[in-house]
Protein chains: 2
Amino acid sequence: MLSASPEKSLSDRIYRQLREDIIAGRLLAGAKLKLEGLMQDYSVGMSPLREALARLIGDRMVVTEAQRGFWVAPLSIEELNDITRVRTLLETEAISASITHGDAQWMARVTQTFTELAEIEAQLPRTAESLPAHLLETWEQKNRAFHAALVSAAGSPITIRFRDQLYQQSERYRRVSLAVSRGWRSVSDEHLAIYEAVRDRNVLRACKMTEIHLTRTAEEVRKAFAQLEATERSSA
Amino acid sequence: MLSASPEKSLSDRIYRQLREDIIAGRLLAGAKLKLEGLMQDYSVGMSPLREALARLIGDRMVVTEAQRGFWVAPLSIEELNDITRVRTLLETEAISASITHGDAQWMARVTQTFTELAEIEAQLPRTAESLPAHLLETWEQKNRAFHAALVSAAGSPITIRFRDQLYQQSERYRRVSLAVSRGWRSVSDEHLAIYEAVRDRNVLRACKMTEIHLTRTAEEVRKAFAQLEATERSSA
DNA sequence: TGTCAATATAATTTCGAAATTTTTGTGCGG
DNA sequence: CCGCACAAAAATTTCGAAATTATATTGACA
């Protein structure tokens, strides 16, 4: 989909690497980001590292306190709720506009990404326990591509940008959730419902299905967090 | 309103200074930002300067191209239209939520900021020609405070953050517009209409008046830009 | 034993210059 | 006169270390 990343500068490369590592949970929420350590781990100097962190602050992936350093942005149920609310607003708006203005090429892109996503989801096991990492990565990529395709004809770069930012933040929550989750619920059915509504250019139904999809996903995350907290309490 | 900026680090100070200078138009849209020159002008070293620029990229105040440097983000009618559309969406959503959830303290803040804004607007001359710079600065501050107060009880940090970003971008356009504008139109009346609707907790009317206000402001900017282009063509 | 000040340690922030890359300028050949 | 290779200049990007600030440790005193 996207052309191979430019990564013309070290600063750019580190920015993307850090972002991926935070989203994937390899850098844990709330963890202190020690500059010395990061320089070693990512093999860069101070300057590009700090530039990358400055950009991640804008993405809300990193938080900072003057003279005290950087931390991976913490996760909270309150933030999850806010992300879900605003993302629903932007995503339904963008899908409406896409359905209204999208041409045949857009629809082909939607169909293509949906087909690829459905193919992966057919292979998913019932429980997350046995999920190989490479399958999860592939699913994440296909899921992102499908949702991106849906809104891609909105004709509003700003809506797209804000939505992308919220999508990335959501992904952090979803990954934590999947690590303790009991399964894949009816995600596949929800994607199908969205796809069919969009294919039929049924704006109202597409929005409703999208809202349901995002709400249910958030609900899963809340459950996983509750379970996680219970585990922590019992081990303490 | 806001407490005195922390500015605990040089990087922070430069970030704010550059942002203000871009918004106020002291750094012109599209201008090349030469690092050597900025280091001189703002009396800082390379590191904090580049960190500040990295953050401004996230705010869409600066654009960059790897190995080629930084520029003040350009202005365009297309972007103005997009900003206005998305800002209307977020601002009406936030005002609705504020009216629904806002308490007496919130309403007091709205009344206070409106009163202060109305006071300034009563002093505004009919034409922008004779407007002293300090009055413009005061108006900008009061206008920002009023619009911020309106949405401040929305209970959605993310909506507020996105709205703030779009407000800042809008301000750039508005300042260019005022530099060639013929007057202050009925801004004061529009603010009054919004205030009264909010005071009466009339959600629908508050949203409608907000939409009208933002749409008319954008229209003024478009006119100013058209006039500016005409001037440029005749002088070329 | 607990608290506070003084000191040592560790971490962040900033500077200045070296290394890369792009841009500009120059001269040669077609 | 135009285009192209090549060298010079200018600008960006990166490194490494000095300066500054926060944190931890120690020891004295109540």
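Proteins get letters first, then strands, A, B, ... in listed order; numbering begins at 1 in each.
If you check every strand for non-hydrogen atoms under 4.0 Å, A:L33 touches sugar and phosphate atoms only. Among the protein residues, B:L10 comes within range of the sugar-phosphate backbone only, with heavy atoms under 4.0 Å from sugar or phosphate atoms but none that close to a base.
Here the nucleotide nearest the side chain of B:Q67, chosen from D:dT13, C:dT14, D:dT14, is D:dT13.
At least one side-chain nitrogen or oxygen of B:R50 sits closer than 4.0 Å to the OP1 or OP2 atom of D:dT13. At D:dA22, none of the side-chain N or O atoms of A:K34 fall inside 4.0 Å of OP1 or OP2 (strictly under the cut-off). The phosphate of C:dA11 has neither OP1 nor OP2 within less than 4.0 Å of any side-chain N or O from A:R68. Look at A:K8 and you'll find a side-chain N or O under 4.0 angstrom from OP1 or OP2 of C:dT22.
Remark: B:E137 engages B:R175 in a salt bridge, criterion side-chain N to carboxylate O under 4.0 Å. Between B:E119 and B:K142 there is no salt bridge, since no side-chain N of the basic residue sits under 4.0 Å from a carboxylate O of the acidic one.
Atom pair B:E65:CD and D:dT13:P shows a separation of 10 Å (rounding to whole Å applied). In this entry the distance linking CG of B:L49 with C1' of D:dT14 reads 15 Å, nearest Å.
B:L90 CG to B:R161 CZ: the interatomic distance, rounded to the nearest 0.5 Å, is 11.0 Å.
Residues that satisfy the salt bridge (Lys or Arg N to Asp or Glu O under 4.0 Å) test with A:R60, not counting sequence neighbours, are absent from this structure.
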